[in-house]
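In what follows, a structure is listed as C-alpha cells, so that the remarks can point back to it.
Note that ligands are numbered from 1 as they come in the structure, with each ligand's atoms numbered from 1 the same way. The model shown is predicted, which means the values in this text are computed figures rather than measured ones.
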Amino acid sequence: MRNFLSVNDVESVESIVKEALELKKDRYKFCELGRNKTLMMIFFNSSLRTRLSTQKAAMNLGMNVMVLDVNAGAWKLETERGVIMDGDKPEHLLEAIPVMASYCDVIAVRAFANFESKEDDYSEKIISQFVKHSGKPVISMEAATRHPLQSLADLITIEEYKDKPKPKVVMTWAPHPRALPQAVPNSFVEWLNATDYDFVITHPKGYDLAPEFVGDARVEYDQDVALEGADFVYAKNWSAYEGDNYGKVLSTDMSWSVTSEKMALTNNAYFMHCLPVRRNMIVSDDVIESDRSIVIPEAANREISAQIVLKKIVENL
Ligand code: CP
C-alpha cells in the first residue's frame with residue numbers, strides 16, 4: 001500500500017478486515033517492523049481517538065512518532081498559492097510539506113472541510129498537496145470528504161459483532177447543533193458499499209450525500225421504516241451537501257435522535273457512533289449506556305485499523 005486516503009487504496013475490504021482481526025490477536029507480533037521508521041502525524045483539527053490510536057498503532061509496530069498541531073505551537077500555515085502573505089500566516093504549506101517530509105518516512109494528516117468552498121473541500125485541497133509535495137506515503141486521519149481509518153474500524157467492529165453473514169446496517173442522520181462535515185458518513189457509505197451487507201441510509205430530505213459516495217446504496221427518508229429489522233444502527237450527524245446549502249444546518253429535528261423507542265424498531269440492534277457524540281442530541285443516555293451500545297469497542301478498534309494500514313505501508317517502504 002502506498003497511500004491510505006479512501007477505500008480505493010485497499011485491494012479487498014474483506015481481506016483487510018480479516019487481516020486486521022488476525023493482527024488484533026497479537027498486536028505486538030510485528031514490533032520490529034517499524035524500527036528506525038518515523039511516522040509524522042499532522043493535525044489541522046482537534047482529535048482524541050485518532051491521535052491516540054494512530055500513535056499507539058505506530059508504537060505497536062516499533063515506529064518512532066512525531067506529532068504536530070498546526071494551530072498550536074507551530075507557525076500558522078498559508079494554504080493558498082498566489083496570496084500576498086502579509087497576514088497572520090508566516091509559513092506556506094509548499095515549504096512546510098517537504099520540510100516535514102524530510103524528517104519522517106510516513107505522514108498522517110487530519111484536515112477537515114472548512115465549508116468555505118465545496119470545490120476546495122471535495123477536491124481535497126489540503127491532503128492532496130501532501131500527496132503531491134511530500135514524496136512520502138500519506139495516511140488520511142480524516143480529510144475533507146473521507147475518514148477511512150474510522151470506516152475500517154467500523155467494519156472490523158461489525159465483523160466482530162455480527163451474527164449473520166449479511167447483517168442489516170442502517171446509517172441514520174441525527175440532530176446536532178453545529179455544522180459537521182460529511183467525511184464520516186461519506187466514508188462509511190463508501191466502505192459499506194464495498195461489502196454485501198444489507199445497507200440503508202436514512203436522513204431528512206435536504207441531507208442527501210454526494211452521489212459519488214451514495215452510489216447504489218438504498219436511501220430511505222422515513223427513519224422508522226429504515227430502522228425496521230436493523231442489526232446495526234450507525235448514527236451520525238452531517239451538514240447539508242447539496243447546492244447553496246452546502247455546509248449548513250437545515251434541521252435539528254429531535255425526532256431523529258436515536259432513543260430506546262427508535263431502537264425498539266430494530267432487530268435488537270447494536271448501536272454505533274464514531275465519537276465524540278453529543279448525548280441527548282444524537283443519542284439518548286439510555287441507548288449509549290445500554291448493553292447493545294458498542295461505541296467503546298468501536299473506538300478501541302481504531303488502534304487496529306491504524307495498525308493494519310501502517311503495517312501495509314511500512315512493508316512497502
Ligand atoms: N472518531 C474520531 O475520529 O475521533 P477523534 O475526532 O477524537 O479523533
message = Can you give me the closest heavy-atom contact between Asn237 and Ser239, atom names plus distance?
response =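 Distance-wise, the nearest heavy atoms are OD1-N, 4.2 Å.
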
>> Ignoring hydrogens, what is the shortest heavy-atom contact between Ala144 and Ala183? Give both atom names and the distance.
In response: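 In terms of heavy atoms, the two residues are closest at O-CB, 3.8 Å.
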
Any idea which residues sit under 4.0 Å from ligand 1, heavy-atom distances?
->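 The answer is Ser47, Leu48, Arg49, Thr50, Arg110, His147, Gln150, Cys274, Leu275, Arg302, counting any residue whose heavy atom sits under 4.0 Å from ligand 1.
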
* Who passes ring pair (Phe, Tyr, Trp, His ring centres under 6.0 Å) against His273, sequence neighbours left out? ->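 His273 satisfies ring pair (Phe, Tyr, Trp, His ring centres under 6.0 Å) with no residue once adjacent residues are dropped.
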
Problem - Pairing residues for Tyr270 by the ring pair (Phe, Tyr, Trp, His ring centres under 6.0 Å) criterion, not counting sequence neighbours - result: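 Partners of Tyr270 under the ring pair (Phe, Tyr, Trp, His ring centres under 6.0 Å) test: Tyr161, Phe232.
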
Per-pair distances, 0.1 Å, donor-acceptor, side chain in residues 242-250, under 3.5 Å, sequence neighbours excluded:
{"unit_1": "Tyr246", "atom_1": "OH", "unit_2": "Asp121", "atom_2": "OD2", "d": "2.7"}
{"unit_1": "Lys248", "atom_1": "NZ", "unit_2": "Asp244", "atom_2": "O", "d": "3.2"}

* So, are Asp285 and Arg279 salt-bridged, with charged N and O less than 4.0 Å apart? ->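 Answer for the salt bridge query: yes.
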
